[in-house]
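A short write-up of the structure that comes next.
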2 protein chains.
Amino acid sequence: MTAQRRVVAEVLDGEHVHLTADEVHAQAVTKLPEISRATVYNTLGELVSLGEVLEVATDKRAKRYDPNAHRPHHHLVCAQCGAIRDVHPTGNPLADLPDTERFGFTVSDVEVTYRGVCPNCASA
Amino acid sequence: MTAQRRVVAEVLDGEHVHLTADEVHAQAVTKLPEISRATVYNTLGELVSLGEVLEVATDKRAKRYDPNAHRPHHHLVCAQCGAIRDVHPTGNPLADLPDTERFGFTVSDVEVTYRGVCPNCASA
DNA sequence: TCCTGCATTGGATTTAATCCAAATCAATCA
DNA sequence: TGATTGATTTGGATTAAATCCAATGCAGGA
Ligand SMILES: [Mn+2]
Ligand SMILES: [Mn+2]
Ligand SMILES: [Zn+2]
Ligand SMILES: [Zn+2]
């Protein structure tokens, strides 16, 4: 356990946190000025391998890192400003995919992304 | 209508087609040797604006272009080889997101990506 | 304290995509 | 048909995200 890894973990702590690697680096630098981007990328990659952090790709910009790996959830994204909220829909989308629509795949996971406009952007 | 646009449209014709811009360019070159990447990007961008082609981002590699914009559908992706199939699940995921989980957003769209292993990769 | 192997660093590299100014071309009109 | 012109195409430069890599640094055990 190094100071760098501790700082990355600290930055990722919280709810509805979905930061890019660069944002993580920017915040990490304020606590440990000489931490490098490479180390942030390395550490994030390890946390993802360990299953402690999830990669979220809600758009085609930079990947985002999600510390909420404990409880499975989906995402609600503002199409205008990119704000992301964790959501927990009812129902099981896996059950909604009939065998005839599985093409012989072994389906193990499903990812749901809701899109819309957040209250902030709607009022502007 | 130019020869370049016609060729891009031809390459995108078909079912379960989800090509990257580079793959579109590679196929276009066989029909029109001097077509440039910039033109392929320009044309794809226009087709997307016109709503005739959809951008699909099933992984964090290159965007894929989907000519099946007529009938709304979702995707089933092989986690190993990246193969993509169009799927039409039953049920309406929008109905599964309660008001209490909408955080004041106006939700207009939902995107569902199933992940698994295709029969090809499973037998290998 | 000294080793040793893992971690960190900064810079170079890769990949996807975008930008841009110059050259080219398609379509209209005389 | 030939000239005009505004849109299209082109290739190269640029940007952004991520990865790679060799050299250096350092944590933790002997
Ligand atoms: Mn999340
Ligand atoms: Mn499709
Ligand atoms: Zn917003
Ligand atoms: Zn496969």
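Letters A, B, ... are given to chains in the order of the sequence lines, protein chains preceding strands, and every chain is numbered from 1. Worth knowing before you read on, the calculation uses all heavy atoms, side chains too, and leaves out hydrogens, waters and symmetry mates.
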Side-chain N,O (A:T2) to OP1/OP2 (C:dC6) below 4.0 Å
no
Which of the following nucleotides, C:dA7, D:dA18, C:dG11, is nearest to the side chain of A:K63?
D:dA18
Measuring to OP1 and OP2 of C:dA16, would you say a side-chain N or O of B:T20 lies under 4.0 angstrom away?
no
Among C:dG10, C:dA17, D:dG11, which nucleotide has an atom closest to any side-chain atom of B:A62?
C:dA17
Donor-acceptor side-chain pairing of B:H16 and B:H18 below 3.5 angstrom
no
For C:dT9, does either OP1 or OP2 sit under 4.0 Å from a side-chain N or O belonging to A:Q4?
yes
If you check the B:Y41 side chain, which of C:dT18, C:dT9, D:dT8 turns out closest?
C:dT18
Tell me if the CG atom of A:N120 is crowded by more than 12 foreign heavy atoms within 6.0 Å.
no
State whether B:T39 places a side-chain N or O below 4.0 Å from either non-bridging phosphate oxygen (OP1 or OP2) of D:dT10.
yes
Please check the phosphate of C:dT8 (OP1 and OP2 only) for any side-chain N or O of A:R5 closer than 4.0 Å.
yes
Could you check which of D:dT10, D:dT9, C:dT9 has an atom nearest any side-chain atom of B:I35?
D:dT10
Reading DNA chain C from 5' onward, which residue's closest nucleotide shows up sooner: B:E55 or B:A3?
B:E55
Check: B:D86/B:H74 side-chain N/O donor and acceptor closer than 3.5 Å
no
Considering only side-chain heavy atoms of A:A38, which listed nucleotide, C:dT8, D:dT9, C:dG11, is closest?
C:dG11
Under 4.0 angstrom, heavy atoms only, what part of the nucleic acid is B:N42 near: base, sugar-phosphate, or nothing?
base
